[in-house]
Amino acid sequence: MSPGLTSAGGRMDDVPAESIIAVYAEGKEHALAIGVTTLSTETIRSENKGVAVENTHYLKDGLWLLRTEGVRGASVRVFGVYPRGLVE
């Protein structure tokens with residue numbers, strides 16, 4: 001939700017709507033979610049309400065758990081390159 005991104009300690013890079021972004025918790029090195037912005041950061045700041053990011057991957061989701069559980073006993077190597085994004 002937008003208020004979570006505009007609260008004290010939050011920081012957003014300027015991006016248009018429908019940008020792929022990484023979401024970071026304050027003070028953390030690694031992203032906790034990857035998502036797509038539903039609004040531009042300019043709109044997020046000015047309206048400060050509604051859904052701002054549709055999360056597509058987040059900590060402990062099915063893709064995350066593949067790393068530790070594997071796929072039906074198969075060996076799975078999970079890796080990714082995520083751009084530094086909207087919130088740090």
Side-chain angles (χ1 to χ4, degrees):
M1 301 298 287
S2 293
L5 300 175
T6 59
S7 62
R11 185 183 71 78
M12 296 184 287
D13 296 338
D14 291 324
V15 298
E18 299 182 5
S19 295
I20 298 171
I21 55 92
V23 179
Y24 293 79
E26 187 175 3
K28 299 297 182 183
E29 179 181 358
H30 302 290
L32 60 87
I34 304 299
V36 178
T37 58
T38 59
L39 307 166
S40 69
T41 49
E42 181 180 343
T43 303
I44 294 169
R45 286 185 187 105
S46 65
E47 293 182 6
N48 199 27
K49 63 181 177 181
V51 176
V53 177
E54 290 287 338
N55 289 331
T56 57
H57 173 52
Y58 50 90
L59 292 178
K60 302 294 184 179
D61 70 1
L63 182 60
W64 176 274
L65 295 176
L66 276 177
R67 182 174 182 191
T68 57
E69 296 175 2
V71 178
R72 295 185 188 160
S75 176
V76 177
R77 183 174 174 213
V78 178
F79 65 94
V81 177
Y82 303 119
R84 234 178 150 111
L86 189 61
V87 176
E88 276 192 284

K.L.:
What's the shortest heavy-atom distance between Met12 and Arg45, and which atoms?
P.N.:
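Met12 and Arg45 have their closest heavy atoms at O-NH2, 2.8 Å.
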K.L.:
For the residue pair Asn55 and Ala33, what are the closest heavy atoms and their distance?
P.N.:
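It is OD1-CB, 3.8 Å.
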K.L.:
Listed by chain and number, what are the side chain to side chain contact (heavy atoms under 4.5 Å, CB included) partners of Ser19, not counting sequence neighbours?
P.N.:
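Expected list: Val15, Pro16, Ile21, Thr37.
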K.L.:
Looking at side-chain heavy atoms only, is the closest gap between Ile20 and Ile34 below 4.5 Å?
P.N.:
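Yes. Closest side-chain heavy atoms under 4.5 Å.
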K.L.:
Taking side chain to side chain contact (heavy atoms under 4.5 Å, CB included) as the criterion, tell me which of Ile44, Val51, Leu5 meets it with Leu39.
P.N.:
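That would be Ile44.
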K.L.:
Would you say Leu59 and His30 make side-chain contact, with heavy atoms under 4.5 Å?
P.N.:
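The answer is no, as the side chains (C-beta and beyond) never meet within the 4.5 Å cut-off.
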K.L.:
Does the Ser2 side chain pair with the main chain of Lys49, one donor and one acceptor, at a distance under 3.5 Å?
P.N.:
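A pair under 3.5 Å: yes.
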K.L.:
Tell me the closest heavy-atom pair linking Ala17 and Thr38, and the distance in Å.
P.N.:
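Where Ala17 meets Thr38 most closely, the heavy atoms are CB-O, 3.9 Å.
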